[in-house]
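Please read the structure below before turning to the comments.
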Amino acid sequence: MTVTTERVRFRVLNGSTARMYNLTFADKRRFHVIANDGGLLGAPVEVEEFSLTPGERAEIIVAFAPGEQVVLRSADNGVDIGQGDFDLLKLIAAKDLKPAPDVPARLAPLTPITTPADAKVRRFRLSGHDAINGKEMDMARIDEVVPAGAIEIWEIENNVYSHNFHIHEVAFQVLEMDGSPPPAYATGYKDTVYVPAKSVVRLAVQFGDFTDPASPYMYHCHILRHEDSGMMGQFVIVKPGTESQVNLTIPTHTGH
C-alpha cells in the first residue's frame, strides 16, 4: 500500500476462522488504537502491539515519514491460536506526504456500563470445543431469558485452551480478565472478547429494549470450528416480568 499522508487511520477486522493476530510493525514503532468493536474509545491508547481474536475489530492511527517503508506483521505471542510470525502488509510512504492532524487527546464520551448492586450474574462454562455449560447448540432450545433493558454481569469461564466469546445484539464492557483489568485498548464498548486458557472473564452487559420471545439471539465462541461443533447458545429478550412465561422450545424454522 502506498501511503500519501503523514498519518493513516486503518480499520482492522480479524476475519480469520481461528487465528489470533498480534499486530505490530517490523520496526517496533508505536501507534495509537482509537476504537474497537463498538466504536471510539474515550481516549487514544498508545501501543507497540495489540491482539485481535476472530470477529474483533479495531481502528488504529499510524504516523509515517516521507519515503520510508515498513511492514505490518503478526508476531508470535506464545498463545496457542497466535503462533507464528508472518508479514501482513507492506507500507510505502511517498516522498511528499500531505499534512494530517495530530491524534486528539480525547475521542468520544464513553459512559461506563454501571451494574446495579443486585445485577443478575449469568455464568457460562467453556469446556472442550463443542459445548457451553455442558450443552451443545440446539436451535430449538432457548438457553437464557433476559428482561429488556437489563444490565447484567456475564462470567465466562474457560477451562481449556483459548476461546473467545461473542454476544449478538448487545454492547458490553470488560470488567476483568482473570482478576485483572483488561488492556486499555480492550476497554470501551465491545461485542467480542478474548477468553484466555484457564481463565475467567467478567463482562458488564447492556441489553436493548426490543422484545421478541420467539426469535432468539446467539452467543458463541467466534472460533469457527468451535461454533460449528456446537459451542453456541441462544437467548431471548422479553418484557420485564414475563420471563417465566417464555416457551423454552421453539420451532426450528424460526429465523435466527
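Side-chain atoms of N158 come within 3.5 Å of backbone N or O of V195 as a donor-acceptor pair. For the pair D76 (side chain) and G84 (backbone), a donor-acceptor distance under 3.5 Å is present. Judged by distance alone, the side chain of E68 and the main-chain N or O of P66 form no donor-acceptor pair under 3.5 Å. Between the side chain of D178 and the main chain of V201, no donor-acceptor pair closer than 3.5 Å is present. Under the 3.5 Å distance criterion, the side-chain polar atoms of D87 are left unmatched by any main-chain donor or acceptor of V71.
Under a 4.0 Å N-O distance rule, the pair D191/R57 qualifies as a salt bridge. A salt bridge does not link E152 with K120: every distance from a Lys NZ or Arg NE/NH1/NH2 to an Asp or Glu carboxylate oxygen is 4.0 Å or more.
Counting heavy atoms from C-beta outward, V146 and V238 have side chains that stay 4.5 Å or more apart. Side-chain contact check for E144 versus Y217: every heavy-atom pair is 4.5 Å or farther apart. At least one side-chain heavy atom of E243 sits under 4.5 Å from a side-chain heavy atom of P147. Residues H220 and M231 fail the side-chain proximity criterion, which asks for heavy atoms closer than 4.5 Å. Using a 4.5 Å heavy-atom cutoff, the side chains of M177 and P196 are in contact. Proximity of D130 to H226: side-chain heavy atoms (C-beta onward) are nowhere separated by under 4.5 Å. A 4.5 Å side-chain heavy-atom check between V246 and V236 finds at least one atom pair inside the cut-off. Contact annotation: the side chain of L126 never approaches that of C221 to less than 4.5 Å [non-hydrogen atoms, C-beta and beyond].
Between Y185 and F50, the angle of the ring planes goes over 60°, which puts this pair in the perpendicular group of the 30/60° scheme.
Linking ILVMFWY side-chain heavy atoms closer than 4.5 Å, directly or via other members, places L88 and L13 in two distinct hydrophobic clusters. Linking Ile, Leu, Val, Met, Phe, Trp and Tyr residues whenever their side-chain heavy atoms come within less than 4.5 Å places V12 and L72 in a single cluster. L110 and I34 fall into different hydrophobic clusters, where Ile, Leu, Val, Met, Phe, Trp and Tyr are joined by side-chain heavy atoms under 4.5 Å apart, directly or via other members. I167 and M232 are not part of a single hydrophobic cluster, where members link through side-chain heavy atoms under 4.5 Å apart. Under a hydrophobic clustering in which Ile, Leu, Val, Met, Phe, Trp and Tyr are joined whenever their side-chain heavy atoms come within less than 4.5 Å, directly or via other members, F31 and F10 fall into the same cluster.
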Could you go through the salt bridge (Lys or Arg N to Asp or Glu O under 4.0 Å) check for D102 and R7 one step at a time? CA-CA 8 Å; D102 292 336; R7 290 179 184 82; 3.3 Å; yes
Starting from the C-alpha separation in whole Å, work towards a yes-or-no answer on side chain to side chain contact (heavy atoms under 4.5 Å, CB included) for I113 and I151. CA-CA 8 Å; I113 299 176; I151 296 176; 3.7 Å; yes
Test log, rule side chain to side chain contact (heavy atoms under 4.5 Å, CB included), inputs M218 and M137: CA-CA 10 Å; M218 292 180 286; M137 171 69 167; 4.0 Å; yes
Would K135 and D143 count as a side chain to side chain contact (heavy atoms under 4.5 Å, CB included) if you check the C-alpha gap in whole Å, the side-chain angles of each, and the deciding distance to 0.1 Å? CA-CA 9 Å; K135 298 178 181 179; D143 298 284; 4.2 Å; yes
Between E6 and K98, is the salt bridge (Lys or Arg N to Asp or Glu O under 4.0 Å) condition met? List the steps. CA-CA 6 Å; E6 293 175 340; K98 297 176 183 178; over 6 Å; no
Between E157 and N159, is a side chain to side chain contact (heavy atoms under 4.5 Å, CB included) present by the stated rule, with each step listed? CA-CA 6 Å; E157 178 187 356; N159 294 323; 2.9 Å; yes
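For the atom pair CZ of R202 and CG of L175, the computed distance is 6.0 Å after rounding to the nearest 0.5 Å. To the nearest 0.5 Å, the span separating CD on Q234 from CG on L248 amounts to 11.0 Å. Note: T17 OG1 to R225 CZ = 7.0 Å, rounded to the nearest 0.5 Å. If you take CD on E49 and CZ on R73, they are separated by 11.5 Å, rounding to the nearest 0.5 Å. Taking CG of D85 as the start and CD of Q83 as the end, the distance is 10.5 Å to the nearest 0.5 Å.
The aromatic ring centres of F165 and H163 sit 6.0 Å or more apart. Aromatic ring centres of F172 and W154: separated by at least 6.0 Å. Ring-centre distance between F235 and F207: below the 6.0 Å cut-off.
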Expected list for residues 20-28: side-chain donor-acceptor pairs under 3.5 angstrom, two or more places apart:
from	atom 1	to	atom 2	distance (Å)
Y21	OH	S16	OG	2.5
N22	OD1	S51	OG	2.7
N22	ND2	A75	O	3.4
T24	OG1	E48	O	2.9
D27	OD1	R29	N	3.1
D27	OD1	R29	NE	3.2
D27	OD2	R29	NE	3.0
D27	OD2	R29	NH2	2.8

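Closest approach of A18 to I81, counting heavy atoms only: O-CB, 3.6 Å. Residue T115 comes nearest to A204 through the heavy atom pair CG2-CB, 3.7 Å, listed as atom of the first residue, atom of the second, then distance. For the pair G233 and I132, the tightest heavy-atom approach, listed with the atom from each and the gap, is N-CD1, 4.3 Å. When every heavy atom of V103 is checked against every heavy atom of P44, the shortest pair comes out as CG1-CG, 3.5 Å. Nearest heavy-atom pair, A184 versus L41, reported as atom, atom and distance to 0.1 Å: O-CD1, 4.4 Å. Nearest heavy atom pair, residue L52 against residue A58, reads CD2-CB, 4.1 Å.
The neighbour count for N247 CG, taken as heavy atoms of other residues, nucleotides or ligands under 6.0 Å away, is above 12.
For the residue pair T192 / N164, no side-chain donor-acceptor distance below 3.5 Å is found, with atom types taken as modelled. A donor-acceptor contact under 3.5 angstrom links the side chains of Q69 and K90, judged on distance only. Side-chain contact annotation: Q245 with T242, donor-acceptor N/O pair under 3.5 Å absent.
Considering I153, I156, V170 as possible partners of L203, the one that fulfils the side-chain contact (heavy atoms from CB on, under 4.5 Å) test is I156. Exactly one residue among R125, R122, R123 makes a side-chain hydrogen bond (donor to acceptor under 3.5 Å, both in side chains) with E155. That residue is R123.
Remark: D209 pairs with no residue by the salt bridge (Lys or Arg N to Asp or Glu O under 4.0 Å) rule, at least two apart or across chains.
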